[in-house]
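Below is one structure; the comments refer to it alone.
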Amino acid sequence: MAKEYRITPDSVTPPEVIPLRADMLSDKLDVNNAPTVAEGHKAGFVNIVGNPNVGKSTLMNRLVGERISIITSKAQTTRHRINGIVNTPSYQIVFSDTPGVLKPKYKLQESMLEFSEGALTDADILLYVTDVVEDPLKNKGFLDKVANEKVPVLLVINKIDLLSGNKALEDIVESWHTLLPAAEIFPVSALEDFNVENLRKRIVELLPFSPPFFGKDALTDKPARFFVTEIIREKILLNYDKEIPYSAEVIVEKFEEKEHSIHIMTVVYVERDSQKAILIGKGGEKIKHIGIEARKDIEQFFGKKVFLEIFVKVEKDWRNRENKLRAFGYIE
């Protein structure tokens, strides 16, 4: 018999996930200067791992209540490990979104896998996310590592809104219980915010007693410029197909902030001249469209007028060059 899993029968109206704004960020978070709190405070790192395209970033944004991670339908949308911090007077949860687990084909993917595997070593609670269509044995080597974890593991079966009946869900739960017998199972729909609140409550129950790791007003450990690059990269993922989105990396080269405006100069690096031509488009129309879409989101993010410049440069084979991966923040 499958282990009892948690789900509520009633649908709920999904709350709005608030767009992240620059005034929600802390440029530098000093763990050593975290504020003192009353006895009984809880805090911990809740790391979200799983294969590509199972909805990890959507779940992260739901749990945090802010749009921390960019979301597209393409695999490998998340490249970095991104923290989103939830604070109340009695607890602090540091959620960590990670790249989807895959077999690396080049050094960039090796770094992405290291982010995911690193999340297994420093978690207080581990969320392993799958969905209702994924083969449970996909990337079994990584799954075996999850099964050997000593910290609480919550298995999140996402996208249950795609199922037509309870019998199908019961079969999926039984399969996963066999693979992760010690895990608590939470069927959810992150998109519809179904059963996410039950998951959140269980996370709070499992948190260890601890003072906060970051300031109680902190929302993420990433600087504002990081989200500028992510917004632009999201637009590239949404507007281009095939190899273009995966060969592109965005860097902020100039960031001049004034009282009512910001001048931002960015560079999109690709690997080949042909990719550069496609990215720019005839007469520059495609990159202009990307700039217009990105500027709107960046203006919302900062709450002021933004002058955005996007240049495109070729950096041959950057995904396999360690010095470039270090410059782009994938290797410390």
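All values below come from the heavy atoms of this structure, side chains included, with hydrogens, waters and symmetry mates left out. Predicted, not measured: the structure shown is a model, and the values here were computed from it.
Here the CD atom belonging to E205 is positioned 10.5 Å from the CD1 atom belonging to I203, to the nearest 0.5 angstrom. Interatomic distance, I280 CD1 to E285 CD, rounded to the nearest 0.5 Å: 12.5 Å.
Proximity of a side-chain donor or acceptor of S57 to a complementary backbone N or O of T78 within less than 3.5 Å is not detected. Under the 3.5 Å distance criterion, the side-chain polar atoms of W318 are left unmatched by any main-chain donor or acceptor of A248. No donor-acceptor pair under 3.5 Å is formed between the side chain of N139 and the backbone N or O of F142. Using modelled atom types, one side-chain atom of K304 and one backbone atom of E259 make a donor-acceptor pair closer than 3.5 Å. In this structure, the side chain of N87 engages the main chain of A218 through a donor-acceptor pair within 3.5 Å. The closest donor-acceptor contact from the side chain of S175 to the backbone of D171 lies under 3.5 Å.
Between the side chains of S96 and N83, at least one donor-acceptor pair of N or O atoms lies under 3.5 Å. If you check the side chains of E243 and Y246, you find no donor sitting under 3.5 Å from an acceptor. Checked by atom type, the side-chain pair T98/R81 shows no donor-acceptor distance below 3.5 Å.
Scored by the side-chain contact (heavy atoms from CB on, under 4.5 Å) test, N323 finds R321 as partners (sequence neighbours excluded). Every side-chain contact (heavy atoms from CB on, under 4.5 Å) that S90 has, sequence neighbours left out, goes to T88.
For the pair K42 and F209, the cation sits on the ring face: its NZ or CZ lies under 6.0 Å from the ring centre, inside 45° of the axis.
Pairs passing the ring-ring contact (aromatic ring centres under 6.0 Å, His included) check and including a residue from residues 250-287, sequence neighbours excluded, read F255-F302, Y269-F328.
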Inset, instruction - Dump the intermediate steps for side chain to side chain contact (heavy atoms under 4.5 Å, CB included) on I236 and I232, then the final yes or no. - result: CA-CA 6 Å; I236 294 172; I232 296 172; 4.3 Å; yes
